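Note that this is a predicted model, so its numbers are computed, not measured.
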Amino acid sequence: MRNEKRFRNLIGISIFSALGAILLFFEFPVLFWFPFLKVDLSDVVTIIGAFVYGPIGGTLIAFIRSLIHLIISGSGVAGVIGNFSGFVGSVSLMLPFYYFWNRDKKVMAVISSTISMTVIMSLLNYFVVMPLYMNVVGMQLGMSLGKYILTGVIPFNIIKALIINIAVILIYPRMRNFLTKWRNA
């Protein structure tokens, strides 16, 4: 019985990961002044997956999703940097949302996850991601890194987090009973 449950969890995490990887290909810009910063809805799957399989399951979903996307897109070094950044962003959004949502603090889930993702991604972009893009890939910003973080990364991550959080709030309650039954079957 225990092996059957593990197998069912493995199948579920795989399905969530595949769905997340598919959603990564459907992205849209939200800042017209930085059209290369795009939102996708794969983090909705990661957060809902965390509700079903816990924070470790959600983290695995984000990791596998990013790995699948990297393999399929075959986008070289830039893809490695982007998918690593996407994975970190997913986890920084998912963990606080999961924590507060499960304590029935919905507003705090939205606020804390938005702040977490914005702060972590700003620091990651400033110290790791953009220096890698500029030095390894040859990307040029045309402005200081600090200005890019203030005018691009911060507003982008606030908007992205709010879009993802609202989508989870709208979708998850409608799926909760089905997912609970499926998980416990």
Taking the side chain as everything from C-beta on, heavy atoms only, tell me whether [X] gets closer than 4.5 Å to [Y].
{"X": "W101", "Y": "I169", "answer": "yes"}
{"X": "L95", "Y": "Y99", "answer": "no"}
{"X": "L124", "Y": "S85", "answer": "yes"}
{"X": "F100", "Y": "V107", "answer": "no"}
{"X": "L23", "Y": "D43", "answer": "no"}
{"X": "F51", "Y": "L179", "answer": "no"}
{"X": "V30", "Y": "I163", "answer": "yes"}

- Query: Does R6 reach the main-chain N or O of R2 with its side chain, forming a donor-acceptor pair under 3.5 Å?
  - Reply: no

- Counting only N and O atoms by type, is there a donor-acceptor contact under 3.5 Å from the side chain of S116 to the main-chain atoms of S92? yes

- Item | I56 atom CD1: more than 12 heavy-atom contacts under 6.0 Å | no

- Message: Counting only heavy atoms from other residues, nucleotides and ligands, does the tally under 6.0 Å from OH of Y148 exceed 12?
- Response: yes

Point-to-point distance, once rounded to the nearest 0.5 Å, from [atom1] of [X] to [atom2] of [Y]:
{"X": "I71", "Y": "N83", "atom1": "CD1", "atom2": "CG", "answer": "10.0 Å"}
{"X": "Y98", "Y": "R103", "atom1": "OH", "atom2": "CZ", "answer": "8.0 Å"}
{"X": "L132", "Y": "F84", "atom1": "CG", "atom2": "CZ", "answer": "9.0 Å"}
{"X": "M121", "Y": "I154", "atom1": "CE", "atom2": "CD1", "answer": "12.0 Å"}

[X] to [Y] - nearest heavy-atom pair and separation:
{"X": "M139", "Y": "M134", "value": "O-CG, 3.3 Å"}
{"X": "P96", "Y": "V91", "value": "CD-O, 4.3 Å"}
{"X": "F26", "Y": "I22", "value": "CD1-O, 3.3 Å"}
{"X": "T46", "Y": "A62", "value": "CG2-CB, 3.9 Å"}

- Does a side-chain N-to-carboxylate-O contact under 4.0 Å join K38 and D40? no

- Message: Let's go through K106 and D104 carefully: what are the C-alpha distance in whole Å and the side-chain angles of both, what is the deciding distance for side chain to side chain contact (heavy atoms under 4.5 Å, CB included) to 0.1 Å, and is it a yes or a no?
- Response: CA-CA 6 Å; K106 312 282 193 261; D104 208 25; 2.8 Å; yes

[X]: which of [options] passes side-chain contact (heavy atoms from CB on, under 4.5 Å):
{"X": "I164", "options": "V110, I47, I159", "answer": "I47"}
{"X": "I48", "options": "L19, I171, I61", "answer": "I171"}
{"X": "S17", "options": "L67, L60, V45, I64", "answer": "I64"}

- Do the rings of F87 and F63 sit parallel, tilted or perpendicular, given the 30° and 60° boundaries? perpendicular

- Query: Relative to the ring of F16, is the ring of Y53 parallel (under 30°), tilted (30 to 60°) or perpendicular (over 60°)?
  - Reply: perpendicular

- Task: Provide the full list of side-chain hydrogen bond (donor to acceptor under 3.5 Å, both in side chains) pairs with a residue in residues 151-173, sequence neighbours left out, each pair given once.
- Result: S113-N165, T114-N165

- Item | Nonpolar side-chain network containing I15, other nodes, edges under 4.5 Å | F7, I11

- Let me see the working for Y126 and L123 under side chain to side chain contact (heavy atoms under 4.5 Å, CB included), right down to the final yes or no. CA-CA 5 Å; Y126 190 82; L123 293 170; 5.8 Å; no

- Check whether the side chains of R65 and S42 place a donor and an acceptor atom closer than 3.5 Å, and report yes or no. yes

